[in-house]
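Here's the structure, in structure tokens; my notes come after.
Below, chain A is the first sequence line, B the second, and so on; all start at residue 1.
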Protein chains: 2
Amino acid sequence: MARPSAALRGRILDSSRHLFSERGYEATSLQEIASDVGCSKAALLYHFRNKDALLAELLTPVGQRVVELLEKVAPLDGEELVRTTVADLVDSALEYRLEIRLLFEDLPRLSHRPELNLLPDSTDRLFDCLTGRSRDPRARVAASMVLTGVALTASAPDNAPVGGEGSDADLRQGLVEASLRALGRDV
Amino acid sequence: MARPSAALRGRILDSSRHLFSERGYEATSLQEIASDVGCSKAALLYHFRNKDALLAELLTPVGQRVVELLEKVAPLDGEELVRTTVADLVDSALEYRLEIRLLFEDLPRLSHRPELNLLPDSTDRLFDCLTGRSRDPRARVAASMVLTGVALTASAPDNAPVGGEGSDADLRQGLVEASLRALGRDV
DNA sequence: CCGTAACCTGACCGATCGGTCAGTTCTGAC
DNA sequence: GTCAGAACTGACCGATCGGTCAGGTTACGG
């Protein structure tokens with residue numbers, strides 16, 4: 001390793017990802033993160049300019065994931081568009097559980113942040129994909145329900161809906177099937 | 001009016017309901033609420049023992065609403081159980097938009113609060129009603145998706161999915177239909 | 001073996017938080 | 001008119017927040 005304890009940076013990211021998603025961004029202090037990691041608050045602020053920078057670094061990957069998803073399904077349409085979007089959306093939600101919890105909990109307070117400016121636009125384009133590019137209000141309501149329902153269910157703290165012993169495979173398939181039904185597609 | 005400016009108490013509740021739901025509980029200070037209402041912070045704390053009491057008074061009605069919903073549908077079963085639960089759930093979500101936003105945003109930080117202890121239990125019983133009392137893991141995942149999706153879509157800041165000009169009637173009917181489809185019921 | 005830069009610490013800062021308190025103003029009953 | 005109590009204020013409190021800084025420690029290239 002180049003610098004042995006440069007790994008501290010990664011440990012800070014891991015800890016803040018968990019603490020932020022469990023307690024929320026505002027409710028988590030830098031001191032709590034530092035104590036959890038086992039370093040001083042000053043060390044934390046040595047690796048990250050400020051608290052905002054820490055949050056931004058956590059949220060950037062999930063934002064990129066959505067952008068990639070949109071690029072991937074852009075050339076598709078009809079059934080294939082909807083089915084691919086749903087499947088990829090569920091995968092993304094399961095992949096970034098903690099970040100999504102953080103995002104949803106603190107969305108109103110973070111929506112003014114510049115790096116999240118493209119989020120409303122991304123959401124709108126996700127609606128398009130989920131409806132098969134329909135502008136029908138009812139279809140868009142269904143798309144909104146699917147998007148928020150998938151995100152929050154996939155990121156539930158303890159897999160509450162399934163009860164704990166349910167595997168991710170159950171969760172994934174259940175979400176995909178329910179989403180497709182909600183969107184009026186055969187499963 | 002018995003005491004004219006006792007109306008201040010109601011204005012404080014209204015203001016905090018909006019501010020809490022827009023910025024979150026932790027991120028809203030008592031001073032902000034007081035300034036918004038136009039009184040001193042001390043006046044606010046005269047009407048409410050502390051910040052927690054203010055929050056509790058905001059969340060209690062929506063909790064009662066859920067309890068009433070559960071009592072109402074308790075004797076039902078089959079199709080009628082599911083359809084009634086969905087319809088009442090959507091109505092409740094539309095009725096308590098701000099409180100639900102607040103509840104979802106700050107749920108992880110509020111879950112330890114005693115007056116919310118019955119929330120996990122209520123959630124579980126809502127799952128039962130939405131699945132028609134099925135314990136099938138897939139059905140429960142669908143129920144979770146419906147519950148969270150309905151709540152968050154109904155309480156979206158600006159009726160985002162419909163675009164703003166859509167009426168509540170559109171939103172209501174769209175949510176009911178999408179929910180029933182997701183739960184595998186004919187609309 | 002030395003110097004430099006990365007890494008980290010403890011002490012400290014101003015601001016703001018939720019909450020308290022002594023005292024003042026207002027109001028309605030008598 | 002008077003008086004009790006509700007309604008309200010401004011000043012203040014300790015705690016904690018995010019963030020800074022001077023200086024110490026460590027590791028590695030030359």
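- Atom CG in L44(B) sits roughly 14 Å away from atom C1' in dT20(C) (whole-Å rounding).
- The pair D186(A)-R181(A) does not meet the salt-bridge criterion, since no charged nitrogen lies less than 4.0 angstrom from a carboxylate oxygen.
- Taking 4.0 Å as the cut-off between side-chain N and carboxylate O, D14(A) and R9(A) do not count as a salt-bridged pair.
- Residue order along DNA chain C, read from the 5' end via each residue's closest nucleotide, puts Y46(A) first among Y46(A) and A43(A).
- For Q31(B), the CD atom counts as densely surrounded, since its 6.0 Å shell holds more than 12 non-hydrogen atoms of other residues, nucleotides or ligands.
- Rounded to whole Å, the distance from CD1 on I33(B) to C1' on dG18(C) is 11 Å.
- Remark: C1' of dC17(D) and CG of L45(A) are 12 Å apart, rounded to the nearest angstrom.
- Residue L30(B) is classed as a sugar-phosphate contact, given heavy-atom separations below 4.0 Å to backbone atoms only.
- Between N50(A) atom CG and dC13(C) atom P there is a gap of 22 Å when expressed in whole angstrom units.
- Counting to the nearest Å, the P atom of dA6(C) and the CZ atom of R9(A) are 14 Å from each other.
- Listed nucleotides: dC17(D), dG19(C), dT9(D). Nearest to the side chain of S29(A): dC17(D).
- Side-chain contact between V176(A) and V150(A) is absent, with no heavy atoms from C-beta onward closer than 4.5 Å.
- Take the nearest nucleotide of DNA chain D for E32(A) and for C39(B): the residue whose nucleotide is more 5' is C39(B).
- Atom NE2 of H47(A) and atom P of dG19(D) are 16 Å apart (whole Å).
- At whole-Å resolution of the value, CD in Q31(B) and C1' in dA15(C) are 13 Å apart.
- Side chain K51(B) to base dG19(C): no donor-acceptor pair is found below 3.5 Å.
- Salt-bridge annotation for R65(B) and D88(B): present, with a side-chain N of the basic residue lying under 4.0 Å from a carboxylate O of the acidic one.
- Of all nucleotides listed (dG10(D), dT20(D), dC8(C)), dG10(D) comes nearest to the side chain of A42(B).
- Atom C1' of nucleotide dC17(C) and atom CG of D52(B) are separated by 14 Å, given to the nearest angstrom.
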